[in-house]
Undergrad: 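Submitted below is the structure of interest, expressed as structure tokens.
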Amino acid sequence: MASVTFDSVTRRYPGADRPALAALDLSVADGEFMVLVGPSGCGKTTTLRMLAGLEPVDAGRILIGDNDVTATDPGHRDIAMVFQNYALYPHMTVAQNMGFALKVAKVPKAQIRARVAEAAELLGLTQHLQRKPKDLSGGERQRVAMGRAIVRRPQVFLMDEPLSNLDAMLRVQTRNQIAELQRRLAITTVYVTHDQVEAMTMGDRVAVLRDGVLQQCAPPRELYRSPANVFVAGFVGSPAMNLFTVPVLDGAVTLGDLPVAIDRTVTAAAGEVVVGVRPEHLQVADRGFTVEVDFVEELGADTYLYGQTTGPQRAHAVVARVPGDTDVRRGARVTLNFDATNLHLFGTDGARLG
Ligand code: ATP
């Protein structure tokens with residue numbers, strides 16, 4: 001096992017007008033589950049491929065433990081990858097698929113059998129060892145791909161969207177299994193996904209990337225509670241955080257018709273600020289700001305109210321997540337309020353204030 005360090009790592013593809021990854025500084029602790037998340041094209045796969053040695057590094061260094069592996073070829077980095085397309089050999093049994101890398105590495109047969117049996121036990125695949133991949137479910141195939149990585153006992157696991165071929169229910173089940181297994185094996189893991197729910201539920205820490213630039217790296221709860229900027233605020237959480245750009249008048253801010261209690265030292269110099277409130281932190285109340293509801297989405301336990309603020313300022317789109325038994329119809333006016341402790345404040349440059 002080992003830590004992983006990206007030391008100011010940059011990758012610019014030939015002919016590209018911006019780097020796919022710009023000066024990434026990121027440390028993954030020994031045994032940690034690190035998730036890289038961000039929208040399509042933000043540089044997640046490029047980061048993983050550089051760590052695997054499949055993509056050159058244009059500037060900076062990558063370390064595994066204390067070893068600088070920037071120029072080390074992939075076969076000598078002691079890592080194992082699980083891809084979205086897990087590409088099992090169709091003519092081999094599960095046991096042969098899982099043991100193949102060890103066979104190529106000329107590990108003695110008895111040792112291969114023992115390691116495959118151990119991994120199969122961990123993954124609940126013991127009954128299926130003699131089956132061919134075509135006779136397995138999608139979830140079982142995914143577990144064989146995990147098993148193939150586990151038997152190698154690498155220093156680092158790299159996983160690139162390993163759940164994207166599974167249906168929604170199986171994804172939830174398998175993500176819990178992977179997270180649990182990783183904790184049990186305590187092998188340093190770097191996991192790529194574009195799915196923020198996957199990131200938040202699996203990672204010890206989550207690194208959010210945008211356009212090749214690291215936005216924030218923190219435990220899931222911290223990302224949710226204290227997003228470093230407007231991008232992270234909007235990316236983490238579903239429905240996304242409400243973000244209202246409002247003027248600061250005499251150091252004070254109003255949202256629709258509601259004065260918002262914020263620290264005047266923070267807003268003193270600002271002409272405008274961005275006020276953020278998560279949909280789940282809005283409640284229907286007697287006092288607050290008025291919203292004209294133009295769409296109601298009933299999900300059973302919760303109801304999402306979509307609407308526009310009313311009042312002297314320009315209208316802002318709002319979404320509120322309220323209890324499922326809240327009786328509000330399209331076209332109604334509701335008064336929403338929130339606890340000041342659940343307020344997020346950003347500058348117009350996007351950075352968190354205070
Ligand atoms: P996705 O979730 O869609 O897989 P990603 O976050 O993994 O996206 P990357 O695949 O790392 O993003 O790509 C980052 C940027 O680099 C994108 O703008 C992409 O178009 C570009 N890129 C990726 N691979 C190459 C390549 N081989 N040649 C040129 N540009 C590339």
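Every number for a ligand or one of its atoms is a count from 1 in the order of the listing. All values reported here derive from a predicted model rather than from experimental measurement.
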Undergrad: Can you tell me if Q196 uses its side chain to pair, donor with acceptor, with the backbone of G237 under 3.5 Å?
TA: yes
Undergrad: Starting from atom 3 (O) of ligand 1, locate the nearest protein heavy atom and write down its residue, its atom name and how far away it is, to 0.1 Å.
TA: S40 OG, 2.6 Å
Undergrad: Using a 4.0 Å cut-off to any heavy atom of A20, which atoms of ligand 1 qualify?
TA: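 Listed by number with element: 14 (C), 15 (C), 16 (O).
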Undergrad: Compare every heavy atom of V236 with every heavy atom of M200, then report the nearest pair and how far apart it is.
TA: CE-CG1, 3.5 Å
Undergrad: Under 3.5 Å between some N or O of ligand 1 and some N or O of G43?
TA: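 Yes; the residue has a nitrogen or oxygen that sits under 3.5 Å from a nitrogen or oxygen of the ligand.
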Undergrad: Tell me, which protein residue and heavy-atom name are nearest atom 13 (O) of ligand 1, and how many Å apart are they?
TA: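 Going atom by atom, the protein heavy atom closest to atom 13 (O) of ligand 1 ends up being T46 OG1, 3.7 Å.
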Undergrad: Return the orientation label for the F235 and F231 ring planes: parallel under 30°, perpendicular over 60°, tilted otherwise.
TA: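 F235 and F231: parallel rings.
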Undergrad: Can you see whether Y191 has R175 sitting over its ring - NZ or CZ less than 6.0 Å from the centre and within 45° of the normal?
TA: no
Undergrad: At what distance is the nearest protein heavy atom to atom 23 (C) of ligand 1, and which residue and atom is it?
TA: Y13 CE1, 3.4 Å
Undergrad: Report yes if T45 has an N/O atom closer than 3.5 Å to an N/O atom of ligand 1; otherwise report no.
TA: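 N/O-N/O distance below 3.5 Å exists for this pair.
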Undergrad: Under a heavy-atom criterion of less than 4.0 Å, does R18 contact ligand 1?
TA: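 Yes.
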Undergrad: So, do H281 and F338 have ring centers that fall under 6.0 Å from each other?
TA: no
Undergrad: Heavy-atom distance from atom 26 (C) of ligand 1 to the protein below 4.0 Å?
TA: yes
Undergrad: Quick one: does C42 get within less than 4.0 Å of ligand 1, heavy atoms only?
TA: yes
Undergrad: Looking only at protein heavy atoms, which one is nearest to atom 2 (O) of ligand 1, and how far off is it?
TA: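 Checked against all protein heavy atoms, atom 2 (O) of ligand 1 sits closest to K44 NZ, 2.9 Å.
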Undergrad: Evaluate H194 for polar contact with ligand 1, using N/O atom pairs at a separation under 3.5 Å.
TA: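 Not met; the criterion fails.
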Undergrad: Within a 6.0 Å radius of atom CZ on R225, are there more than 12 heavy atoms belonging to other residues, nucleotides or ligands?
TA: no
Undergrad: Can you tell me if D7 and T5 form a side-chain donor-acceptor pair at under 3.5 Å?
TA: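 T5 and D7 do not have a side-chain donor-acceptor pair below 3.5 Å.
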Undergrad: Please report the shortest heavy-atom distance between G53 and P74, naming the atom on each side.
TA: O-CG, 3.4 Å
Undergrad: Just going by heavy-atom distances, which of G38, G212, P39, G41 is nearest to atom 15 (C) of ligand 1?
TA: G41
